[in-house]
Amino acid sequence: MGWLSVAYGLVSVFSLVVHSVSGIGANWGTQATHPLPPETVVDLLRDNGIDKVKLFDADYGNLKALGKTRIEVMVGIPNEMLASLAGSVKSAEKWVAKNVSEHMTTNNVNIRYVAVGNEPFLETYNGSFLRTTFPALQNIQSALIKAGLGNQVKVTVPLNADVYASSSGLPSGGDFRTDIHDYMIPIVKFLMDNNAPFTVNIYPFISLYIDSNFPVEYAFFDGNASPINDGGTYYYNMFDANYDTLVWALEKNGFGNLPIIVGEIGWPTDGDQNANLDYAQRFNQGFMTHISGGKGTPKRAGPVDAYLFSLIDEDAKSIQPGSFERHWGVFYFDGSPKYQFNLGTTNSGSLIPARNVKHLEQKWCVMKPSAGLDDPQVAPSVQYACEKADCTSLGYQTSCGGLDARGNISYAFNSYYQTHNQLDTACQFPNVSKIVKTDPSTGTCIFRIGIQQYYGSADRKKGGLQSPLILVGHLILFLLTVL
Ligand SMILES: *[C@@H]1O[C@H](CO)[C@@H](O)[C@H](O)[C@H]1NC(C)=O
Ligand SMILES: *[C@@H]1O[C@H](CO)[C@@H](O)[C@H](O)[C@H]1NC(C)=O
Ligand SMILES: *[C@@H]1O[C@H](CO)[C@@H](O)[C@H](O)[C@H]1NC(C)=O
Ligand SMILES: *[C@@H]1O[C@H](CO)[C@@H](O)[C@H](O)[C@H]1NC(C)=O
């Protein structure tokens, strides 16, 4: 009996510990020309033991698919909706009724958070959302309470780590950015008063991208970076230092116990010299190992609650911030894993690929061998293809950066062809292209085969491809321009 209760006690302590440190989340974005069907993505999440998901909007089909699971969901409100939600309690109530209550009651979706805006205080937005974020947050919170969901569903605002900074360069010097300090305090106080978490996105990759002097090793968790000494506390990686800068900023303003969620963390695999499979693997695996013990950061002990950025590549994202934007996925666009990554949730210790994905035929569009590089059709064709499809894997030290000029041209043509569902008309760059059945891929440069277009919900067609008719229109326009 005694032994049994000891054993039982051990088991419960163990399951308690496992429960509190397990649970990695992932961001599920949908800015893709060929998003996988929602059911496929939900299976992918479950197969890989990802039990929390963060969305950027409230797509009906995606939420519905999540309803068959117990996966915790953070639904998102895009920045563009903040003004109307800030201006009217009624519209906030409608948003909650349609995008939270309905899914929870009729579809059994396990919604836990509403993300009000997405990095609304980013400096590139020039303060456009400064005045609307807090009132929108308040209105959504009131609407949740009115809907009887005040305890179950918490509000938060995913913010970029640039909302705080350190005057000394050390975590202990952390405080909110001076220009937005007065906007941050009421938000933080509101979160505290409503038992809601602070959500922050932390990106060592971006630090490296914008500052060539950033010590590369410090971005990783197993690096040999010389540690930073903050009054006797040593920081061996940027994540801990950045996270603790936030903890200090919160503490300094009287909110030292506010829970923190890491809304986005990850590393892209292409589109920049520091965006590659090795670095992404090293960073993401290092992060998982770092948080898996549940010991937290030097200043805040305990489990780190985090969402990987991101689940799947999105080929329709704006590349204004950089070509790497379309390559954040742990999985490629077709749900195949990019590298060995042990989340600690699968028997194999590896990622499980998406099931039943329907690829197109094994054929590619390439530059005709008989066409000359100096053919006047070539340059405008490539430009057109890259504008309409995705050439972010071409460029200095990217996966296809080693191609010669003909390879470059073929890559562009093929990207256009696959993106346009292998339509014959999508490989008719005047006299310079042809369809082949042998794979032109070489080394790290993969000429991808597309997947079948999913036409599930009206919502997603906007981000996706237009009908073949419009495509033909494009081509005619293009021919007119070129001829
Ligand atoms: C629900 O969310 C969707 C997707 O973000 C949005 O388009 C729609 O306007 C929202 N519904 C209401 C009633 O606000
Ligand atoms: C922000 O301001 C800069 C400079 O004034 C301008 O170039 C940019 O377009 C603005 N961005 C937005 C999102 O308003
Ligand atoms: C291939 O394309 C990339 C990106 O467009 C360009 O930087 C590179 O110089 C091209 N290479 C050749 C050999 O034309
Ligand atoms: C394609 O090639 C044919 C034969 O060489 C030529 O007559 C025709 O003008 C070319 N078309 C274009 C659009 O360049």
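We count ligands from 1, going down the list as the structure has it; atoms in each ligand are counted the same way.
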So do the side chains of Met288 and Phe341 get within less than 4.5 Å of each other, counting heavy atoms only?
-> yes

Do Trp95 and Val100 have side chains that get closer than 4.5 Å, going by heavy atoms?
-> yes

Would you check whether Ala58 has a nitrogen or oxygen atom less than 3.5 angstrom from a nitrogen or oxygen atom of ligand 1?
-> yes

Counting heavy atoms not belonging to Lys64, are there more than 12 under 6.0 Å from its NZ?
-> no

Enumerated ligand 1 atoms positioned under 4.0 Å from heavy atoms of Asp57 | 5 (O)

Mark up the atoms of ligand 1 that fall under 4.0 Å of a heavy atom belonging to Lys94, in ascending order.
-> 13 (C)

N or O contact, Asn99 vs ligand 1, cut-off under 3.5 Å = yes

Test: Asp278 and Arg282 ion pair at under 4.0 Å | no

